[in-house]
Amino acid sequence: MRLLLFNLMTDESDPVLGFACNWIRRLAAECESIDVLTMQRGVYDLPANARVYSAGRERGYSKPRRLWEFYRHLLRLLATRRYDACFAHMTPLFAGLAGPLLTARGIRTLLWYTHRQRSAQLRLGSAMSWRVVSADASSFPYSMEKLRVTGHGIDTEFHSLPPSGAHKEGGRTPLLVVQVGRLAPIKHQATVIAAVAGTEARLALIGGAQNDNALAYQRDLQALAQRLNITERCIFTGDLPPADVRAWHQRATVAVNMSPVGLFDKAALESMACGLPTVVCNPAFKPLLGAEADLLLTTGPEDVAGLRDRLERLCKLPAAERIAIGARLRESVEREHSLDGLTTKLLAVLRTGELPAR
């Protein structure tokens with residue numbers, strides 16, 4: 001397959017979107033060639049059959065200039081290359097802008113979108129796409145026949161169990177709770193701070209403030225921690241590279257993810273892949289939790305009492321039991337949300353429009 005791929009950011013150092021480079025590498029291993037047209041590029045190490053072209057946001061180009069660069073690259077690529085399909089990763093704008101040109105050449109577009117936010121861009125991009133894929137039915141905000149649910153693509157070789165004997169208690173430093181995600185009210189870090197305040201655990205909030213509103217929210221969170229008298233055991237790490245996030249997961253006791261319905265957050269799957277018991281509030285995760293669903297699933301993103309109860313119960317378990325729970329969660333992620341599995345599903349939908357038979 002010769003693939004045209006639209007990508008929002010192609011920079012593996014980015015703490016939020018860096019994972020996309022790994023997706024490109026895995027797809028490139030199964031394709032003859034991939035041409036990546038991206039809004040912004042940075043640091044990446046891709047195979048020789050994957051080439052990257054940028055609309056120039058990393059150069060500070062204005063929106064009109066980026067639009068010009070997008071069409072300049074696209075028209076040149078369409079004039080000089082032959083493509084079997086187009087994969088638009090979190091770029092409904094690109095799918096919409098390129099749709100008429102690709103359709104005229106018989107190139108089918110597959111749009112990946114995983115977020116609950118509706119927009120005119122998403123409606124246009126979906127209309128211009130042959131198929132749409134999302135990690136979960138709840139993570140795509142429109143109901144349409146062309147939607148296919150694939151699960152996430154977690155690199156379970158990278159997001160791995162702690163090195164044997166590397167930490168105390170068979171692999172976990174006692175009583176450390178971690179939450180990974182940008183600082184934003186929709187991530188409900190305030191719920192986590194309030195819940196941890198009623199326990200003896202330390203808390204690491206891993207993720208940065210992306211704008212002025214988020215900086216104001218961070219100050220509110222810090223003030224909340226001070227009011228609850230847990231400032232000394234509440235750490236704000238800011239944005240971290242993926243290897244450092246993995247290190248936090250590998251030494252923590254419990255992970256927490258309070259993303260609500262519609263945000264099927266891959267950060268929760270990454271902590272599970274590291275063998276870490278992970279408390280969630282989104283019922284979309286319930287099929288992965290097995291017999292531990294009552295212990296790991298709260299009633300909602302503002303359920304402080306429920307979260308505190310689950311943290312206390314998990315922290316009181318013998319280390320061997322927590323490790324066993326984490327191992328079962330990792331098996332679920334490997335079975336349902338591995339990167340190899342997602343690659344197979346994406347290629348099947350690109351070729352046939354349908355998911356492979358299980």
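These numbers come from a predicted model, not from an experiment.
Contact annotation: the side chain of Met258 approaches that of Thr298 to within less than 4.5 Å [non-hydrogen atoms, C-beta and beyond]. Between Leu295 and Ile325, the closest side-chain pair of non-hydrogen atoms falls below 4.5 Å. By the 4.5 Å heavy-atom criterion applied to side chains, Phe87 and Leu346 are counted as neighbours. Counting heavy atoms from C-beta outward, Asn211 and Leu215 have side chains that stay 4.5 Å or more apart. Two residues are said to be in side-chain contact when any heavy atoms from C-beta on lie closer than 4.5 Å; Gln189 and Leu183 meet this criterion. No side-chain heavy atom of Thr91 sits less than 4.5 Å from a side-chain heavy atom of Asn7. In this structure, Val254 and Val279 have side chains that are in contact, with non-hydrogen atoms separated by less than 4.5 Å.
Each salt bridge (charged side-chain N to carboxylate O under 4.0 Å, His left out) pair with one or both residues in residues 23-40, not counting sequence neighbours, appears once here: Glu12-Arg25, Arg26-Asp155, Arg26-Asp340, Asp35-Arg51, Asp35-Arg81. Among pairs with a residue in residues 285-296, those fulfilling side-chain hydrogen bond (donor to acceptor under 3.5 Å, both in side chains) read Glu292-Arg328, at least two apart in sequence or across chains. A ring pair (Phe, Tyr, Trp, His ring centres under 6.0 Å) check over residues 185-220, counting only residues at least two apart or in different chains, returns nothing. Residue pairs meeting the salt bridge (charged side-chain N to carboxylate O under 4.0 Å, His left out) criterion with at least one partner in residues 262-279, sequence neighbours excluded, are Lys187-Asp265, Lys266-Glu270.
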What verdict does the side-chain hydrogen bond (donor to acceptor under 3.5 Å, both in side chains) test give for Glu58 and Ser54, after you've listed the backbone C-alpha separation in whole Å, the side-chain angles of each residue and the deciding distance to 0.1 Å?
CA-CA 8 Å; Glu58 75 279 0; Ser54 175; 2.8 Å; yes
Under the ring pair (Phe, Tyr, Trp, His ring centres under 6.0 Å) criterion, do Phe19 and His89 qualify, and how do the steps go?
CA-CA 12 Å; Phe19 71 91; His89 175 246; 5.7 Å; yes
In a table with atom names and distances, give each donor-acceptor pair under 3.5 Å that connects a side chain of residues 122-129 to protein atoms at least two apart or in another chain.
| residue | atom | partner | partner atom | Å |
| --- | --- | --- | --- | --- |
| Arg123 | NH1 | Tyr142 | OH | 3.1 |
| Ser126 | OG | Leu122 | O | 2.8 |
| Ser129 | OG | Gly125 | O | 2.7 |

Please table the atom pairs, donor to acceptor, closer than 3.5 Å between any side-chain atom in residues 301-309 and protein atoms at least two apart or in another chain.
| residue | atom | partner | partner atom | Å |
| --- | --- | --- | --- | --- |
| Asp303 | OD1 | Gly306 | N | 2.8 |
| Asp303 | OD2 | Thr299 | N | 3.3 |
| Asp303 | OD2 | Thr299 | OG1 | 2.9 |
| Arg308 | NE | Ala195 | O | 3.3 |
| Arg308 | NH2 | Ala194 | O | 2.9 |
| Asp309 | OD2 | Arg313 | NH1 | 3.0 |

N/O donor to acceptor pairs below 3.5 angstrom from side-chain atoms of residues 218-231, sequence neighbours left out:
| residue | atom | partner | partner atom | Å |
| --- | --- | --- | --- | --- |
| Thr231 | OG1 | Gln226 | N | 3.4 |

Donor-acceptor contacts, no H, no angles, side chain residues 40-48, under 3.5 Å, sequence neighbours left out:
| residue | atom | partner | partner atom | Å |
| --- | --- | --- | --- | --- |
| Gln40 | OE1 | Arg57 | NE | 2.9 |
| Arg41 | NH1 | Val52 | O | 2.9 |

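For Asp14, there are no side chain to side chain donor-acceptor pair (under 3.5 Å) partners at least two apart in sequence or on another chain. Scanning for side chain to side chain donor-acceptor pair (under 3.5 Å) contacts around Arg131 gives an empty result, with sequence neighbours left out. Here Ser13 pairs with Asp11 under the side chain to side chain donor-acceptor pair (under 3.5 Å) rule; sequence neighbours left out. Qualifying side chain to side chain donor-acceptor pair (under 3.5 Å) partners for Asn282, counting only residues two or more places apart in sequence or in other chains: none.
Considering CG of Leu205 and CD1 of Ile193, their distance stands at 5.0 Å, rounded to 0.5 Å. The CG atom of Leu110 sits 11.5 Å away from atom CZ of Arg108, with the distance rounded to the nearest 0.5 Å. One distance of note links OG1 of Thr150 with CH2 of Trp112; it measures 4.0 Å at 0.5 Å rounding.
Between Glu334 and Arg330, at least one side-chain N (NZ, or NE/NH1/NH2) sits under 4.0 Å from a carboxylate O, which counts as a salt bridge. With salt bridges taken as basic N to acidic carboxylate O contacts below 4.0 Å, one links Arg148 and Glu145.
For Glu312, the CD atom sits in a packed shell: over 12 heavy atoms of surrounding residues, nucleotides or ligands are nearer than 6.0 Å. Counting heavy-atom neighbours within 6.0 Å of Gln210 CD, excluding the residue itself, gives a total above 12. The 12-atom threshold is not exceeded at NZ of Lys316, counting heavy atoms of other residues, nucleotides or ligands nearer than 6.0 Å.
Under the side-chain contact (heavy atoms from CB on, under 4.5 Å) rule, Leu4 has a single partner from Ile34, Leu74, Thr109, Val36, which is Leu74. Just one of Ser138, Pro260, Ser139, Ser259 meets the side-chain contact (heavy atoms from CB on, under 4.5 Å) condition when paired with Arg116; it is Pro260.
One hydrophobic cluster, built from ILVMFWY side chains closer than 4.5 Å, cannot hold both Leu296 and Val261; they sit in different ones.
Classified by interplanar angle (parallel below 30°, tilted 30° to 60°, perpendicular above 60°), the ring pair Phe140/Tyr113 is perpendicular. Using cut-offs of 30° and 60° for the angle between ring planes, the Phe6 and Phe94 rings count as perpendicular.
Under the 3.5 Å distance criterion, the side-chain polar atoms of Thr199 are matched with a main-chain donor or acceptor of Val196. No donor-acceptor pair closer than 3.5 Å links the side chain of Thr253 to the backbone N or O of Val177.
Geometric assessment of Arg72 against the ring of Trp68 yields a negative cation-pi assignment under the 6.0 Å and 45° thresholds.
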